[in-house]
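Here's the structure, in structure tokens; my notes come after.
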Number of protein chains: 2
Amino acid sequence: MTTEILPKNENDSIQKEIISKIRDYINFKNLEPGDKLPSERKLSEKFEVSRGNVREAIQTLESYGLLYSKPQSGTFIADIGPVAMNGMINDILRLEEPDFKTLVETRILLELKTVRLAALRRTEEDLKEIEEALEAYAEKVMKGEDAVQEDLLFHLAIAKAAGNSTINTFMLTITPEIITNFAKYHVCDKNVAFTGIQEHRDVYEAIKKKDPQLAKEKMKIHFKLLYQYCYNIND
Amino acid sequence: MTTEILPKNENDSIQKEIISKIRDYINFKNLEPGDKLPSERKLSEKFEVSRGNVREAIQTLESYGLLYSKPQSGTFIADIGPVAMNGMINDILRLEEPDFKTLVETRILLELKTVRLAALRRTEEDLKEIEEALEAYAEKVMKGEDAVQEDLLFHLAIAKAAGNSTINTFMLTITPEIITNFAKYHVCDKNVAFTGIQEHRDVYEAIKKKDPQLAKEKMKIHFKLLYQYCYNIND
DNA sequence: CAAACCAATTTGGTAAACCAGTTTTAGAAA
DNA sequence: TTTCTAAAACTGGTTTACCAAATTGGTTTG
């Protein structure tokens, strides 16, 4: 068992090990789309791991669309040729844990998009929900209380109004990590919050006016502080 | 049991049911960060579902950073206040299955970003891998064979060179869905591939020259066909 | 009276057993 | 030899039983 890079936990490590062994097996046997993989039981004894571990690895590859399982039948190679199969598995194996800088970089990218789309596509109901989130945020700040949660919900409301379920999913994925790191690095100080109210209002007004360009500009201003953490953003 | 929107499968449905019940429980008991949730066994009998289903729901909420489990101890509320907890769970529950249009819209957004970052940050090794992917693609096309896989790997190589692990993860997430839908809607015809070679070369040259603006322009041209599926892209 | 210790219970995690379809196979009939 | 059928073996999915760590409450001890 090769221990190349120390992973965050043991479980993640052995799953990657299994995935790479599955890749090797697919290559060795020249499995093509539609071909059947050995049963979970056989793989587990061949790799000398528990069946649960094998199932976990298969489900991961299934989530990337590389395999598919038919109940009471078997696990099969998806409709992806060997070249792409190898390339994608290798990419999956070398995926790094997202760090704070790339999280922020990605969040800014996504939000500058969602705010434009929200300005273009928002319904009256969307607008109302954004306004409610804005007021809840402002109220909290005026009381001098911490308003990180309300801040977050304002941005999520905009993402929802953008009407892009894929981006929405991504926003939800990175949000908790962002919060954790914000707290760790003390990005959001109390004094920032007051200026934040007006910035939020500006964004809201631009969405209300259905002006995508203005909305994007105002969001950029709102993200000015974050830019410090994130070089090479000048779109 | 309320059946609001028909889900894609039964399993997904009951998991959402359980998640909403967990949300209700957290609200009813006013659980705050650090508070302990009842054990999986108690929740399973309270909700009248199997313990496996409860575990699945908890793991989903764990993946969004809303709960965390300590072995042989219990499951706890993460460091997120009740307002954000409710907002995020509600967002999670109403997440729609990504459709083709939002997938393409998101892919274009991500790739226009990665190609810029790749032009700025690429190492010599990155460049070499991109070139290899390009040549493999061109070779396949010249032989008149299907080159969807090689096309995909070229784009993934660029994403890798962008050096943003978060975006990279997202690219890997949507790629299989894109492929599936491409095949379904016959987006990539054979005749497109020949013009694709030069377009790929242009993108590659721009990355080689470390010209982010040019790289983005060339990628835009390459995505011209995709634009048809995706209105409101004019960034 | 407080602190330290110990056993019993509770916990999330995991491996084993079980289930309901599917696939293969062996055998009998034509 | 071929074809059809029934049963046995196999499969992924699910439930159940078990495990070891950690918490808890009571007891003992300094």
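Values below: every heavy atom of this structure, side chains too, minus hydrogens, waters and symmetry copies. Residue numbers start from 1 in every chain, and the chains themselves are labelled A, B, ... in the order their sequence lines are given, proteins ahead of strands.
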Quiz item: What is the minimum heavy-atom distance between Pro71(A) and Ser69(A), and which atoms define it?
Solution: CD-O, 3.9 Å
Quiz item: CD of Glu135(A): more than 12 outside heavy atoms within 6.0 angstrom?
Solution: yes
Practice problem: Over 60° means perpendicular and under 30° means parallel, so classify the ring planes of His155(B) and His222(B), tilted if in between. | Solution: parallel
Quiz prompt | Members of residues 48-58 of chain A that approach DNA chain D, where some heavy atom sits under 4.0 Å away | solution = Arg51(A), Arg55(A)
Self-check item: Qualifying side chain to side chain donor-acceptor pair (under 3.5 Å) pairs, either residue in residues 25-38 of chain A, two or more places apart
Solution: Asn27(A)-Asn86(A)
Quiz item: Taking five pairs at each end of the helix from dC1(C)-dG30(D) to dA30(C)-dT1(D), what angle separates the two helix axes (nearest 10°)?
Solution: 30°
Quiz item: Between Met85(A) and Leu66(A), which heavy-atom pair has the shortest distance, and what is it?
Solution: CE-O, 3.4 Å
Exercise. List in chain and number order the residues that pass ring pair (Phe, Tyr, Trp, His ring centres under 6.0 Å) with Tyr68(A), two or more places apart in sequence or in another chain; answer none if no residue qualifies.
Key: Phe76(A)
Self-check item: Gap between atom CZ of Arg23(B) and atom CG of Leu31(B) - 0.5 Å precision
Solution: 14.0 Å
Exercise. At the 4.0 Å heavy-atom cut-off to chain B, mark where contacts on DNA chain D begin and end, going 5' to 3'.
Key: dT15(D) to dT23(D)
Self-check item: Nearest heavy-atom neighbours spanning Ile18(B) and Val54(B)
Solution: CD1-N, 4.1 Å
Quiz item: Can you list every pair that meets salt bridge (charged side-chain N to carboxylate O under 4.0 Å, His left out) and has a residue in residues 66-93 of chain B, with sequence neighbours left out?
Solution: Asp91(B)-Arg94(B)
Quiz prompt | Nucleic acid contacts - residues 21-37 of chain B versus DNA chain C, non-hydrogen atoms under 4.0 Å | solution = none
Self-check item: Pairing residues for Lys42(B) by the side-chain contact (heavy atoms from CB on, under 4.5 Å) criterion, not counting sequence neighbours
Solution: Pro38(B), Ser39(B)
Quiz item: Using a heavy-atom cut-off of 4.0 Å to chain A, what are the terminal contacting nucleotides of DNA chain C, in 5' to 3' order?
Solution: dA15(C) to dT23(C)
Quiz item: Which pairs count as salt bridge (charged side-chain N to carboxylate O under 4.0 Å, His left out) when at least one residue sits in residues 167-176 of chain A, sequence neighbours excluded?
Solution: none
Self-check item: Ring centers of Tyr137(A), Phe154(A) separated by less than 6.0 Å
Solution: no
Exercise. Could you tell me which non-hydrogen atom of Gly65(B) sits nearest to which non-hydrogen atom of Pro176(A), and how far apart they are?
Key: CA-CB, 4.1 Å
Quiz item: What is the minimum heavy-atom distance between Pro33(A) and Ile80(A), and which atoms define it?
Solution: CG-O, 3.6 Å
Quiz prompt | Residues in contact with DNA chain C, drawn from residues 67-75 of chain A - heavy-atom cutoff 4.0 Å | solution = Gln72(A), Ser73(A)
Practice problem: Check whether the side chains of Ser165(A) and Asn168(A) place a donor and an acceptor atom closer than 3.5 Å, and report yes or no. | Solution: no
Self-check item: Partners passing side-chain contact (heavy atoms from CB on, under 4.5 Å) against Glu56(A) (at least two apart in sequence or in another chain)
Solution: Asn11(A), Gln15(A), Asn53(A)
Practice problem: Of all the heavy-atom pairs spanning Arg121(A) and Asp126(A), show the shortest one and how long it is. | Solution: O-OD2, 4.5 Å
